[in-house]
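Read through the structure below, which is laid out as structure tokens, and then see the notes.
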2 protein chains.
Amino acid sequence: MSPAHRNDGEVSAIGRAAVLLKEFRKGDGALGIAELTRRTGLPKSTVHRTVHELVRVGLLEQAGSAFRIGLLLFELGQTAPRANGLVEAARPHMVNLHDATGHNVALAVLEEIEVVYVEIFRGDRGRRLPQRVGGRWPAHASCAGKVMLAFSPADKVRGVLGGVLPRLTDRTLTDPPALLAELAQIRRSGVAFDRQESIAGVVGAAAPVRDGDGAVLGALAISGPVGRISLSRVDTAVRAGALGISRDLARGASVVRPVLGLGR
Amino acid sequence: MSPAHRNDGEVSAIGRAAVLLKEFRKGDGALGIAELTRRTGLPKSTVHRTVHELVRVGLLEQAGSAFRIGLLLFELGQTAPRANGLVEAARPHMVNLHDATGHNVALAVLEEIEVVYVEIFRGDRGRRLPQRVGGRWPAHASCAGKVMLAFSPADKVRGVLGGVLPRLTDRTLTDPPALLAELAQIRRSGVAFDRQESIAGVVGAAAPVRDGDGAVLGALAISGPVGRISLSRVDTAVRAGALGISRDLARGASVVRPVLGLGR
DNA sequence: ACCATCGTTCCGATGAGCGGGACTCACCCC
DNA sequence: GGGGTGAGTCCCGCTCATCGGAACGATGGT
């Protein structure tokens, strides 16, 4: 009822729980009740009750008087199907690319207006890159994101362009017409480049990974420090890698697990 | 109020949500409303409402008329702190062991009466093993579980012995006194063996991984098909590997992230 | 045309969740 | 010692979101 609207429109108990869980994405480790209260703006007693409930069901775990992600979440996250089949098919190709180039090799999927990295092999100089497996990045400011947007239905792209496009570097494309032109160009060439649009001093290239029906499931990207990486050379490598993954996905057909049950 | 008690004592909305989420651990991919209703025993309309709420907050995602783990869960699972620092420290040592032996190399932590595998490198013949990253296994029927139990406080062990100890093979230790004697022996030797106690035809050895204070954080295990793996030889390798990881953990001290922020 | 099974929607009753506020510690600084 | 600050915990009356039985529409196999 307060005129100021909440973070999201969270009314349900589950919504509040999700708001609390999301605070742990930033990877700050363990958080206390007061810290969560401050960050979420929820009433302290609500945070207290909800967090303890989350501990009871195993989604969080208690470490002293602070709380952190529980192993149940780790367990559930490992079974995320969209990531799973894709990563398994991609890994060998990613290793090859990583060995051959020595640069950062990443696999990402598109979620709303952001990309989520599902696997990363870091290059020699890549230890300091902020991208993490499971982390997010604005789609318009990443070659992986741009290539996935380029092959997305128009309404999805419109959704991205509708919001504000954060400017991460002075080269980030934040102008909708410019971005649309770039996407059209990517659609023609089949590859997207990041020319210091995400991080100053870092460039990269990305190509789409498709399933047997041609639908784009994700993107393979190679990136590295400007000067130490040749985009024209990486261009073909990343295309070949993405095609290889796509072919394996089409052959393996069943994105379903090849694992045997033995329940539990 | 029904005399028959539910699966767990779930009364809260969060509890019901967790019951639903746990159904996805088995890795069956996408589940429909009716399927979830059947498995959980919850009323259909409750399942419907709760699942759609979970989709709204991003914990699940909708694929046609079925539902599956959402990327938010993948993301949260990746930040599970207990697993994270440990895996990062362990990975190089695990790769070495894997290259040197060609057998399955696994890293596990203890949660209640089960182990959770946080990283696995499969050996040549290991494709068919049912253990998965993020999967669980009864602690008493695994060398990794036994070695962690051996160095756990007595009341934790009592909790394990209190319940029923499932018999996975005809060699599984299910007799509390026998198991206690085994744990004492492990405490003396510092290494635990699995002599076809978890899976017929598979043997292995495990050693504890400790932090700087000597507290046991997890266990490193090597396993392989009986006959193709020599326990006496693997014994020393797994001890050395576990010590190496422990040393790196103590040096790296801060189990905290070395990553730079760049929020979101 | 029938039946089975799916997902969806409705709606009255109720109790779980809500949250303001009070409480208890532990700690630090006058 | 006294007073402040900020932590986690607890209480309790109000109320609104949750609950779940039941009805509904869509689908598809026989």
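Heavy-atom basis, side chains included; hydrogens, waters and symmetry copies ignored. Chain identifiers are assigned alphabetically (A, B, ...) following the order of the sequence lines, protein sequences preceding nucleic acid strands; residue numbering begins at 1 within each chain.
- The residue among K44(B) and L31(A) whose nearest nucleotide of DNA chain D lies closer to the 5′ end is L31(A).
- L42(B) has its CG atom 11 Å from the C1' atom of dC19(D), to the nearest Å.
- A distance of 8.5 Å separates CG of D211(B) from OG of S246(B), quoted to the nearest 0.5 Å.
- An angle of 50°, rounded to 10°, separates the two end axes of the helix from dG7(C)-dC24(D) to dC27(C)-dG4(D), each defined over five pairs.
- Distances shown here put a side-chain N or O of T46(A) below 4.0 Å from the OP1 or OP2 atom of dG19(C).
- Using a 4.0 Å cut-off between a side-chain N of Lys or Arg and a carboxylate O of Asp or Glu, E23(B) and K26(B) qualify as a salt bridge.
- Here the C1' atom of nucleotide dG19(C) and the CG atom of L36(A) are 17 Å apart, to the nearest Å.
- Heavy-atom neighbours of E112(B) CD from other residues, nucleotides or ligands within 6.0 Å: at or below the threshold of 12.
- For R16(B), a side-chain nitrogen or oxygen approaches OP1 or OP2 of dC19(D) to under 4.0 Å.
- Note that CZ of R136(A) and CD1 of I113(A) are 9.5 Å apart. Values are rounded to the nearest 0.5 Å.
- Look at CD on Q62(A): it is 14 Å from C1' on dA7(D), rounded to the nearest Å.
- Phosphate proximity of dC18(C) to R49(A): present, with a side-chain N or O under 4.0 Å from OP1 or OP2.
- The distance between atom CD1 of I14(A) and atom P of dC18(C), rounded to the nearest whole Å, is 11 Å.
- Side-chain nitrogen and oxygen atoms of H48(B) include at least one within less than 4.0 Å of the OP1 or OP2 phosphate oxygen of dT8(C).
- Nucleotide dT5(C) holds its P atom 9 Å from the CZ atom of R38(B), rounded to whole Å.
- Between R49(B) and E53(B) no salt bridge is recorded (no basic side-chain N to carboxylate O distance below 4.0 Å).
- With respect to E75(A) and K22(B), no salt bridge is recorded, no charged nitrogen being found less than 4.0 Å from a carboxylate O.
- Phosphate contact (OP1/OP2 of dT8(C), side-chain N/O of H52(B), threshold under 4.0 Å): present.
- If you take CD1 of I33(B) and C1' of dG20(D), they are 14 Å apart, rounded to a whole angstrom.
- Between R158(B) and D155(B), none of the side-chain N atoms (NZ, or NE/NH1/NH2) sits under 4.0 Å from a carboxylate O, so this pair counts as no salt bridge.
- For P43(A), taking side-chain heavy atoms from C-beta onward, the closest of the listed nucleotides dG20(C), dT9(D), dT18(D) is dG20(C).
- Residue-level contact check: S45(B) touches the bases, meaning some heavy atom is under 4.0 Å from a base atom.
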